[in-house]
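A short write-up of the structure that comes next.
Nothing fancy with the numbering, it's 1 onward along the sequence.
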Amino acid sequence: MNKKEALLHAAVHLMGEHGFEKTSVSQIVKEAGVAQGTFYLYFQSKSALVLSIAQSIIEDLLSEAKKFPEVSSVSLEEFLRSITDLTFSMTRKHKKLIGFVYSGTAYYSSFQEWERLYEPYYAWLSEKLRYYQEQKLLKDVYDTDHLANYLVGLLEHGAEQVHLTEAKGFTEEISKSTLHTMILEALRAS
C-alpha cells in the first residue's frame with residue numbers, strides 16, 4: 001500500500017469511528033504511519049479526502065465495468081442486467097464509504113466536482129449505449145450522453161434504497177428486477 005492509500009485507509013477507518021469533525025489530520029497520519037507533511041503532499045485539507053474517497057469508489061466501479069464482455073457479444077438486455085447487477089454489488093461493497101462521501105460532499109465539495117469524477121464512467125456507458133443504438137436495438141430518440149447520466153442516477157438510487165436507506169419492502173431481488181424491466185422497456189427499440 002502506498003502512502004496515499006495508507007492515508008485514505010486511515011481516514012476512512014478513523015472517520016468511520018469518530019466522525020469527520022472529530023478526526024484530526026494528526027490522528028490520520030499517526031494511523032497511516034507517515035509524517036504530517038506527507039498528508040499535505042496528497043491533500044490540500046481534510047475535506048479534500050472526501051472527493052478522493054469518492055474517486056476511488058468510482059474508479060473501482062469503472063474498473064469492474066470494463067471487465068464486461070464486448071457489447072457486440074451480448075444483447076442489450078444482458079448488458080443492462082450486468083450494469084444493474086454491478087451497481088447493486090458496488091453499492092453493497094462500499095456502503096459505509098458511500099454514506100460518508102455523500103454527507104461530506106454536501107458540506108465540503110461542489111456538485112460540479114462530484115460530477116467530474118463520474119465523467120469517465122458516463123463516457124464509457126454512453127459509448128456502449130451508442131453501439132446498441134447504432135445496431136437499432138436502442139431507441140434512437142435518446143442522446144446517449146444524457147441517457148448514461150440518467151441511467152447511472154436511477155440505478156444508484158435503486159441500489160441505495162436497498163443498501164443505504166434500507167427502505168421497507170425494497171429487497172435487492174425485487175428492486176433489481178423492477179429497474180431492469182423498466183429500463184429495458186423504456187430503451188429497447190420496438
Side-chain angles (χ1 to χ4, degrees), residues 50-107 109-190:
V50 174
L51 284 176
S52 291
I53 293 167
Q55 183 174 4
S56 70
I57 295 168
I58 295 167
E59 287 172 355
D60 189 23
L61 173 68
L62 182 57
S63 173
E64 290 301 312
K66 286 182 175 181
K67 294 177 185 176
F68 287 0
E70 285 299 316
V71 289
S72 59
S73 67
V74 295
S75 69
L76 175 63
E77 181 174 1
E78 291 170 300
F79 177 75
L80 293 173
R81 188 174 310 281
S82 295
I83 288 291
T84 303
D85 289 345
L86 177 63
T87 304
F88 275 77
S89 69
M90 294 304 276
T91 303
R92 186 181 335 102
K93 176 181 178 181
H94 296 294
K95 176 181 177 174
K96 184 177 180 181
L97 290 179
I98 292 169
F100 167 73
V101 166
Y102 277 172
S103 63
T105 300
Y107 290 108
S109 304
S110 74
F111 288 107
Q112 290 84 8
E113 289 174 294
W114 178 258
E115 278 300 298
R116 274 193 290 278
L117 296 177
Y118 270 96
E119 286 175 359
Y121 185 56
Y122 293 151
W124 175 87
L125 183 54
S126 178
E127 175 189 324
K128 304 307 178 194
L129 294 170
R130 198 171 307 110
Y131 167 82
Y132 289 111
Q133 204 171 52
E134 290 166 356
Q135 300 302 309
K136 309 289 187 215
L137 301 169
L138 178 75
K139 291 178 182 172
D140 63 4
V141 297
Y142 297 117
D143 174 276
T144 59
D145 290 338
H146 286 85
L147 184 58
N149 182 297
Y150 300 148
L151 203 61
V152 168
L154 178 63
L155 290 172
E156 284 186 349
H157 177 74
E160 290 162 4
Q161 286 295 105
V162 173
H163 296 295
L164 297 182
T165 64
E166 299 174 355
K168 186 175 180 182
F170 282 77
T171 66
E172 183 166 326
E173 183 179 322
I174 292 170
S175 296
K176 284 175 22 178
S177 175
T178 301
L179 281 166
H180 176 71
T181 301
M182 181 184 79
I183 292 166
L184 184 62
E185 292 302 315
L187 301 184
R188 184 171 38 197
S190 40

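- Here the straight-line distance linking atom CG of Leu117 with atom CG of Leu62 works out to 12.0 Å at 0.5 Å rounding.
- Distance check, rounded to the nearest 0.5 Å: CG of Leu151 to CD1 of Ile183 gives 4.5 Å.
- Although no hydrogens or angles enter the test, the distance criterion places no donor-acceptor pair under 3.5 Å between the side chain of Thr181 and the main chain of Thr178.
- Annotation: side chain of Leu125 is in contact with side chain of Phe79 (closest heavy-atom distance under 4.5 Å).
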Could you walk me through whether Val74 and Phe68 satisfy the side-chain contact (heavy atoms from CB on, under 4.5 Å) test, starting with their C-alpha distance in whole Å, then the side-chain angles of each, then the deciding distance to 0.1 Å, before giving a yes or no? CA-CA 9 Å; Val74 295; Phe68 287 0; over 6 Å; no
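- When all heavy atoms of Ala148 and Ser126 are compared, the pair lying nearest together is CB-N, 3.7 Å.
- Counting heavy atoms from C-beta on, the side chains of Leu147 and Leu187 come closer than 4.5 Å.
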Would you sort out whether Thr144 and Gln133 count as a side-chain contact (heavy atoms from CB on, under 4.5 Å), showing the intermediate values? CA-CA 8 Å; Thr144 59; Gln133 204 171 52; 3.4 Å; yes
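- Residues Glu160 and Lys95 are not paired through a salt bridge, judged by the lack of any N-O separation under 4.0 Å between the basic side chain and the carboxylate.
- A side-chain donor-acceptor contact under 3.5 Å links Ser89 to the backbone of Leu86.
- Here the straight-line distance linking atom CD1 of Ile174 with atom CG of Leu179 works out to 12.0 Å at 0.5 Å rounding.
- Ile58 CD1 to Leu51 CG: the interatomic distance, rounded to the nearest 0.5 Å, is 9.0 Å.
- The residues Glu78 and Arg81 are annotated as not salt-bridged, no charged nitrogen and carboxylate oxygen being separated by less than 4.0 angstrom.
- Side-chain N/O atoms of Tyr121 and Glu59 include no donor and acceptor closer than 3.5 Å.
- Applying the side-chain contact (heavy atoms from CB on, under 4.5 Å) rule to Lys176 yields the partners Thr84, Asp85, Phe88, Glu172; only residues at least two apart in sequence or on another chain are considered.
- Taking 4.5 Å as the limit, every side-chain heavy atom of Thr171 sits out of range of all side-chain heavy atoms of Val162.
- Rounding to the nearest 0.5 angstrom, the gap separating the NE2 atom in His94 from the CG atom in Leu61 is 8.0 Å.
- The backbone N or O of Ile53 sits less than 3.5 Å from a side-chain atom of Ser56, completing a donor-acceptor pair.
- The two residues Arg116 and Pro120 come nearest to each other via the heavy atoms O-CD, 3.9 Å.
- Looking at residues two or more places apart in sequence or on another chain, you find no ring pair (Phe, Tyr, Trp, His ring centres under 6.0 Å) involving Tyr142.
- Taking every heavy atom of both residues into account, Lys136 and Ala189 meet most closely at O-CB, 3.4 Å.
- Annotation: ring pair (Phe, Tyr, Trp, His ring centres under 6.0 Å) contacts involving residues 151-171, sequence neighbours excluded, are absent.
- Note: Asp60 CG to Gln55 CD = 12.5 Å, rounded to the nearest 0.5 Å.
- For the residue pair Tyr118 / Glu156, a side-chain donor-acceptor distance below 3.5 Å is found, with atom types taken as modelled.
- Across Ile98 and Met90, no two heavy atoms sit closer than the pair CD1-O, 4.3 Å.
- Side chains of Leu138 and Arg188 form no contact here, defined as non-hydrogen atoms less than 4.5 Å apart.
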